[in-house]
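Contents: one structure, followed by commentary.
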Amino acid sequence: MTEYLLRRILQSIVVLFLVTVFMFALVHAAPGGPTHVLLGPGMSPEAMKIQEHNMGLDQPLPLQYLHWLKDMLTGNFGYTFKNHIPINTIIWPTVGNTLILMGAAWVLSLIIAIPWGIYNSTKTYGISDNVATVIAYLGFAIPSFWFGILLQEYFSLKLNWFPLSDMWTVGKQGDIGNLLWHMVLPVTVLALGFLAGYLKYSRASMLEVLHEDFVRTARAKGVPERWVIYRHALRNALIPVITVLGLDLPVLVGGALLTENVFNWPGMGREFVEMALAREYSVLMAITVITAVMVVLGNLLADILYAVVDPRVQLGKKGGASV
Amino acid sequence: MSQLPPLENPDMTMATETMAAEPVDTTEATSGPQNLWRIALRKFLQNPFAVGGSIVLLIFILTAILAPWLTPYDPAKVDMLHTNLPPGADGHLLGTDEIGRDIFTRLLYGGRISLVVGFAVAFCTVLIGTAIGAVSGYFGGWVDVILMRLVDVMNSIPLLFLNILIMALFGSGFKILIFVLSVTNWMGVARLVRGTFLQLREMQYVEAARAIGVSHGAIIVRHLIRNATAPIIVNATLMVGGAILSESGLSYLGLGIQPPQASWGLMLSNAQNYMLTNPMEALYPGLCILLVVLSVSFIGDGIRDALDPRYRVKISQRRLEQWRERFSKSRT
């Protein structure tokens, strides 16, 4: 176990290191390099020189990389270009706002999906199961931003039940009721996306367990069906579900990009798009690195969780790379 | 079988009879590969959802190709005298938008963009993914380690963020969009091909081929890739839908297709600004995206059920991966 843990942690560190190399290479591979990206094609060569010197871009690349890596590791993301605002003060509040939104959608979808999926596994191809299948297909195929716009048109503009966008009504910052009221529509959009996956997943996982020998044995020795399902099968079916939850932790941080933009929710996704349109590439890199860290940690956590929950996992064989 | 199509083949017993469960070297199978494909085609045609999806997709493809003949208008033509017309008015089938462009026309031309992006990206991801997966799985060793770390790195950055970052750096537009979506989506195919290769490269027929001096390239192409064809096709089909969703999302954000070109995503972002004056405008482009993506996923599932990908790794694992793949693509 310890050896497995150490190996996985080491692997994660390597991947994170490679992510930073990749990001750094990407920005420097852009046509004209970072200065060009920032200042646009119309600048004079002198301005470019000065800019390059100010940003330390006239140093050798590996040195630049090490400087940048050091800054990232110490959480010093620098300043925005245009207004010279510390990037830290921009990013971290948006991380919180995103987490509120995604967390709510996630919990809501789990509360609905797991019991429903399990119920459907016991009555496959019944009405309830078919409804779930339709929801799952829609959840996969519907463009989330379109769904959001439709909700806005109907529930905000037509019925006037919920606010059109934003996180708070002006002047009511900090009022929980106001926040919840603003959350209803975006959470609905996000929850549909989660629901699609979790419904199918909990059903499939349960079905698989119901086909196993120990379930047949339990039935054969006369254990009541409810008992078979809730005591014998359910526990085992939840193991892969737990893993998926771990894998989805990072999605909580990065996943609401479009929805946030539709509802003007001040989260990471909206910030990211705004900064992309403004070409603030240091903010983009900072946010991308943060999301990558979350993804890698989430995967690591999922692997550990899996190993802890399921004693059957052969620790030695589970190369983390492919999870 | 005529029920709703199972998203993930719930009964494990299904569809095994169409293809041998063991990997078959199709070049030497006496029954011939055509036979298997014909059986698969028959199974596909028996699936009403797959057939329905094919028909809908075909209609979209035809209308996109025939767009100039189906509508007298120019998709980018501004007509300030006829703005925000309701559907049916003045010969405008679905009305006009806030600067008088014919919405139906823009839908047709937007369909061109979306479909071309979808198919081009699916094609390119298969090429890139197969090449990388084949090299990785066949040669193994350090090559494999390096390539798989690359896959890990790419998978660690949320797709939409990576796409936007690259578009911000390299510029936006039609060609760059296809390029960006292709280089950020090949990991699924690569892993799948690699998995098949790892499984098969020690098989005796491969060893025999190697022993009589068949070159690496020929072994890869003739003996190994064929065994991964079925899952690759399924993956590519689903990728069409994923790429269309990504394209419309990026265009909606203003980072993909640029005006005055028409794109469904772009039309939606437009429509959102005029929700009060023209609420119907938001309905059509979204519906088009939904229909196309839904059709494609019906087709993909139909193909999967018909071909029954032979790489039967532990089912839960395969399911987990497929599910994650689709999930991460749809939830943008």
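First the proteins, then the strands, lettered A, B, ... as listed; each starts at 1.
When each of A/Leu277, A/Val289, A/Val262 is scored by its heavy-atom pairs under 4.5 Å with chain B, the top score falls to A/Val262. The greatest number of non-hydrogen atom pairs below 4.5 Å with chain A, out of B/Ile166, B/Leu268, B/Val293, is found for B/Leu268.
A/Glu153 has its side chain out of reach of B/Glu281: every pair of non-hydrogen atoms, C-beta onward, lies at least 4.5 Å apart. Side-chain atoms of A/Leu26 and B/Leu165, non-hydrogen and from C-beta on, do get closer than 4.5 Å to each other. Side-chain contact between B/Ile289 and A/Trp146 is absent, with no heavy-atom pair separated by less than 4.5 Å. B/Phe161 has its side chain out of reach of A/Leu284: every pair of non-hydrogen atoms, C-beta onward, lies at least 4.5 Å apart. Put simply, the side chain of A/Phe145 does not reach to within 4.5 Å of the side chain of B/Ser269, judged on heavy atoms. At least one side-chain heavy atom of B/Phe298 sits under 4.5 Å from a side-chain heavy atom of A/Tyr137. Side-chain atoms of A/Leu18 and B/Leu150, non-hydrogen and from C-beta on, never get closer than 4.5 Å to each other. By the 4.5 Å heavy-atom criterion applied to side chains, A/Phe140 and B/Ser297 are not counted as neighbours.
Looking at A/Leu150, only its side chain comes within 4.5 Å of chain B, counting heavy atoms on both sides. Contacts between B/Leu291 and chain A at a heavy-atom distance below 4.5 Å are absent for every atom of the residue. When heavy atoms are compared at a cutoff of 4.5 Å, A/Leu16 does not approach chain B at all. Looking at B/Ile244, there are no atoms closer than 4.5 Å to chain A (heavy atoms on both sides), in backbone or side chain. Heavy atoms of A/Val21 lying under 4.5 Å from chain B are absent altogether. Residue A/Met23 touches chain B through its side chain alone, counting heavy-atom pairs closer than 4.5 Å.
Pairing each heavy atom of B/Leu245 with each of A/Ala141, the nearest pair is CD2-O, 3.8 Å.
Here CG of B/Asp152 is found 8.5 Å from CG of A/Asn299. Values are rounded to the nearest 0.5 Å. With rounding to the nearest 0.5 Å, the separation of CD1 in A/Ile142 from CG in B/Leu290 is 5.5 Å. Taken from CD1 in A/Ile287 to CD1 in B/Ile157, the straight-line distance is 13.5 Å, to the nearest 0.5 Å. One finds the CG atom of B/Leu160 at 5.5 Å from the CG atom of A/Leu258 (value rounded to the nearest 0.5 Å).
With hydrogens and angles left out, the side-chain atoms of A/Gln152 and B/Gln272 include a donor and acceptor closer than 3.5 Å.
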Residue pair A/Val273, B/Tyr252: steps toward the side chain to side chain contact (heavy atoms under 4.5 Å, CB included) verdict: CA-CA 11 Å; A/Val273 171; B/Tyr252 167 77; over 6 Å; no

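Crowding of A/Ile127 atom CD1: a count of heavy atoms from other residues, nucleotides or ligands under 6.0 Å not exceeding 12. Counting heavy atoms of neighbouring residues, nucleotides and ligands inside a 6.0 Å radius, atom CZ of B/Phe179 does not exceed 12 of them.
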